[in-house]
Amino acid sequence: MLKSYKTEIDPTPEQIVKIKQTIGTCRFIYNFYIAHNKEIYNKGEKFMTARDFSVWLNNEFIPNNPEYLWIKKVSSKSVKKSMENAYTAFVKFFKKESGFPNFKKKNKSDVKMYFVKNNQKDCFCERHRIKIPTLGWVKLKEKGYIPTTKQGYVIKRGTVSCKAGRYYVSVLIDVPKSEKTKLNDFGLGIDLGLKDFAIMSDGTVKKNINKSARIRKLEKKLKKEQRCLSRKYEDLKKRSKENKKKGEATRQNIQKQVIKVQRLHQRIENVRCDYINKSINEIVKTKPSYITIEDLNVKGMMRNRHLSKAIASQKFYEFKRKLEAKCKEYEIELRIVDRWYPSSKICHHCGFIKNDLKLSDRIYKCDCGYIEDRDFNASLNLRDARTYKIA
């Protein structure tokens, strides 16, 4: 069974230069592949696959353009992976699963350095360090998190990424399959919301993390740092007109402030992701025979400009993706109910559908005398839903 592990690393200055060169080259190749296919399409020529593009790049383009020899100075596996990623983006576009591929922008797009185990000496992992092809031994900040090679675990492949001035390694390891978990004879319905993050049919409520003092304190600090960054940009416009040297000094200060803002964004995201991970672990450890959730139309919900920020910060898709992975690990059946299923409008006692139920109605009241919290009633209906698909 393949399992992924991600942790922070502490590379040397020389390794940081190598990582940045590789990521920059991968971004260039990704953009070059998209631009080249657009160009040959306008000429009426056949679409070029990742394999064909790799052959053309190495045998025709680089030999005829020696100023691009720097492409071959980084890992060839990373370069080929960026071509495959661009090709996959085109395939999704042709299948009408997504829009036309966009160009990757520096410091804005999530481009990673890819590596794979080629021989026996590659991808070794010890308690405090990991051996990555083209980088060598790199220190791990979290010791003992990744299973070591001495314990018999094998790293198949992985990526190195950079976010907010910090570097991370993500590896895929072949882990022996654990014994089948004994599940309990009950199901669980989970209703996701904005007032509370998750309401479960067993009565458990996971509160909204955005209302916590920790997140509010970080967001207040972020607001302050963003104002400071905005003032620096305004100052740059004035200084660059008066004196170029002063303008250069302001640009350096701007870069420092940008890193501060990025790290605060990253910290807020880490707090939210950690809350989701802990919530999912608590849910799965109850060992229900099945879990039912609703297929929410997050894209449609985001169109509401009054609630879009609150919806985005709840990370509903992240919750669904991680819950699906955990259910697969514990062999729990994950049921997904259609988004048009009226879970909030159905009376759990008599089955009557209350079509005039408003979003402001937080208590569900039925003519049969049934009175219950709106979200808890929805979780009970999700648990007992008959029409669903298995993830």
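All values below were derived from every heavy atom in this structure, side-chain atoms included, with hydrogens, water molecules and symmetry-related copies excluded.
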Please tabulate, one pair per line, all N/O donor-acceptor pairs under 3.5 Å involving side-chain atoms of residues 41-51, not counting sequence neighbours.
| from | atom 1 | to | atom 2 | distance (Å) |
| --- | --- | --- | --- | --- |
| Asn42 | ND2 | Lys38 | O | 3.1 |
| Thr49 | OG1 | Asp52 | N | 3.3 |
| Thr49 | OG1 | Asp52 | OD2 | 3.0 |

Using a strict threshold of under 4.0 Å (side-chain N to carboxylate O), is an ion pair present between Lys326 and Glu329? yes

Below 6.0 angstrom between ring centroids: does that apply to Phe90 and Phe100? yes

Measure the OG-CZ distance between Ser82 and Phe28 for me, rounded to the nearest 0.5 Å. 10.5 Å

Give a yes or no answer on whether the side chain of Ser201 reaches the backbone of Leu380 with a donor-acceptor pair at less than 3.5 Å. no

Between Lys322 and Asn277, do the side chains contain a donor N or O and an acceptor N or O under 3.5 Å apart? yes

Quick one: closest heavy-atom pair of Tyr145 and Lys6, and the distance? CE2-O, 3.5 Å

Using the rule given for side chain to side chain contact (heavy atoms under 4.5 Å, CB included), can you reason through Arg251 versus Leu236, listing the C-alpha separation, both sets of side-chain angles and the distance that settles it, and then say yes or no? CA-CA 7 Å; Arg251 283 190 183 91; Leu236 176 65; 3.8 Å; yes

Sorted by chain and residue number, the side-chain hydrogen bond (donor to acceptor under 3.5 Å, both in side chains) partners of Asp373 (sequence neighbours excluded) come out as none

Check whether any side-chain heavy atom of Asp338 lies under 4.5 Å from a side-chain heavy atom of Thr387, and answer yes or no. no

For Thr88, side chain to side chain contact (heavy atoms under 4.5 Å, CB included) partners two or more places apart: Lys92

Is the centre of the Tyr33 ring less than 6.0 Å from the centre of the Tyr87 ring? no

For Asn65 and Phe61, indicate whether the former's side chain and the latter's backbone hold a donor-acceptor pair under 3.5 Å. yes

For Arg263, does the CZ atom sit with more than 12 other heavy atoms under 6.0 Å from it, leaving out its own atoms? yes

Got a sec, which residues hit side-chain hydrogen bond (donor to acceptor under 3.5 Å, both in side chains) with Arg129, two or more places apart in sequence or on another chain? Glu126

Among all residues two or more places apart in sequence or in another chain, which pass the side-chain hydrogen bond (donor to acceptor under 3.5 Å, both in side chains) test with Thr204? Asp202

Lys211 side-chain N/O to Lys195 backbone N/O, donor-acceptor pair under 3.5 Å: yes

Do Tyr341 and Tyr388 have ring centroids that are under 6.0 Å from one another? no

Sub-3.5 Å donor-acceptor pair from the side chain of Thr149 to the main-chain atoms of Cys125, do we have one? yes

Within the structure provided, determine whether Asn58 and Lys72 are in side-chain contact (heavy-atom separation under 4.5 Å). yes

Count I, L, V, M, F, W, Y as connected when their side-chain heavy atoms are under 4.5 Å apart, and connections chain through other members. Are Leu194 and Leu357 then in the same cluster? no

With a 6.0 Å cut-off (strictly less than), is the heavy-atom count around CZ of Phe93, excluding the residue itself, greater than 12? yes

What do you reckon, are the aromatic ring centroids of Phe376 and Tyr364 less than 6.0 Å apart? no

Kindly check if the number of other-residue, nucleotide or ligand heavy atoms within 6.0 Å of CG (Asn184) is above 12? yes

Spatial distance of atom OG1 (Thr12) from atom NZ (Lys18) [nearest 0.5 Å]: 12.0 Å

Side chains of Asp10 and Leu140, heavy atoms from C-beta outward: is any pair under 4.5 Å? no

Check Glu282 with Lys285, please: is the shortest side-chain N to carboxylate O separation under 4.0 Å? no

Interatomic distance, Ile29 atom CD1 to Ile34 atom CD1 [nearest 0.5 angstrom]: 12.0 Å

Short question: side chain of Asn381, backbone of Ser343 - any donor-acceptor pair under 3.5 Å? yes

At what distance, to the nearest 0.5 angstrom, does CZ of Phe197 lie from CD1 of Ile209? 9.5 Å

Are Val284 and Leu334 grouped together when hydrophobic residues (ILVMFWY) are joined by side-chain heavy atoms under 4.5 angstrom apart? yes

Trp56-Ile71 co-clustered via ILVMFWY side chain contacts under 4.5 Å: yes

Lys156 and Leu2, any side-chain heavy atoms less than 4.5 Å apart: yes

Find out whether Ile130 and Trp137 are in side-chain contact, i.e. whether some heavy atom of one side chain is under 4.5 Å from a heavy atom of the other. no

Does Lys141 NZ have over 12 foreign heavy atoms under 6.0 Å away? yes

For the CG atom of Leu218 and the CZ atom of Arg267, what is their distance to the nearest 0.5 Å? 5.0 Å

Donor-acceptor under 3.5 Å (Asp235 side chain, Arg231 main chain): no

Residue His36 excluded, over 12 heavy atoms near NE2 under 6.0 Å: yes

In this structure, CG of Leu382 is separated from CG of Leu192 (nearest 0.5 Å) by 9.0 Å

Less than 4.5 Å apart, side chain to side chain, heavy atoms only: is that true for Val138 and Val169? no

Anything under 3.5 Å between a donor and an acceptor, one on a side chain of residues 297-312, the other on a protein residue two or more places apart or in another chain? List them.
| from | atom 1 | to | atom 2 | distance (Å) |
| --- | --- | --- | --- | --- |
| Asn297 | OD1 | Gly300 | N | 3.2 |
| Asn304 | OD1 | His306 | N | 3.0 |

Is the side chain of Ser78 donor-acceptor paired with the backbone N or O of Tyr114 at a distance under 3.5 Å, no angle test? yes

Are Ile23 and Trp70 co-members of a hydrophobic cluster defined by side-chain heavy atoms under 4.5 Å apart? no

Step through the shown structure and confirm whether more than 12 heavy atoms of other residues, nucleotides or ligands are within 6.0 Å of CZ on Arg214. no

Does NZ or CZ of Lys117 lie under 6.0 Å from the centre of the six-membered ring of Phe124, at an angle within 45° of the ring axis? yes

Stepwise salt bridge (charged side-chain N to carboxylate O under 4.0 Å, His left out) check, Arg335 with Glu333: CA-CA 6 Å; Arg335 300 175 178 179; Glu333 186 181 276; 2.6 Å; yes

Could you tell me whether a side-chain N or O of Glu318 sits under 3.5 Å from a main-chain N or O of Lys315, the two making a donor and an acceptor? no

Asp185, CG: over 12 other non-hydrogen atoms inside 6.0 angstrom: no

Same apolar cluster: Phe316 and Ile268, side chain cutoff 4.5 Å: yes

Is any side-chain heavy atom of Leu188 less than 4.5 Å from a side-chain heavy atom of Thr292? no

Around atom NZ of Lys354, are there more than 12 heavy atoms of other residues, nucleotides or ligands at under 6.0 Å? yes

Electrostatic pair Lys320:Asp295 at N-O distance under 4.0 angstrom: yes

Do Arg272 and Asn210 pair up side chain to side chain, a donor and an acceptor below 3.5 Å, judged on atom types alone? yes

Answer whether the closest heavy-atom distance between the side chains of Thr22 and Leu135 falls below 4.5 Å. no

Under 6.0 Å between the ring centres of Tyr290 and Phe186? no

Main-chain N/O of Val261 paired to Glu225 side chain as donor or acceptor, under 3.5 Å: no

Any sub-3.5 Å donor-acceptor pair from Arg374's side-chain atoms to Ser344's backbone N or O? no

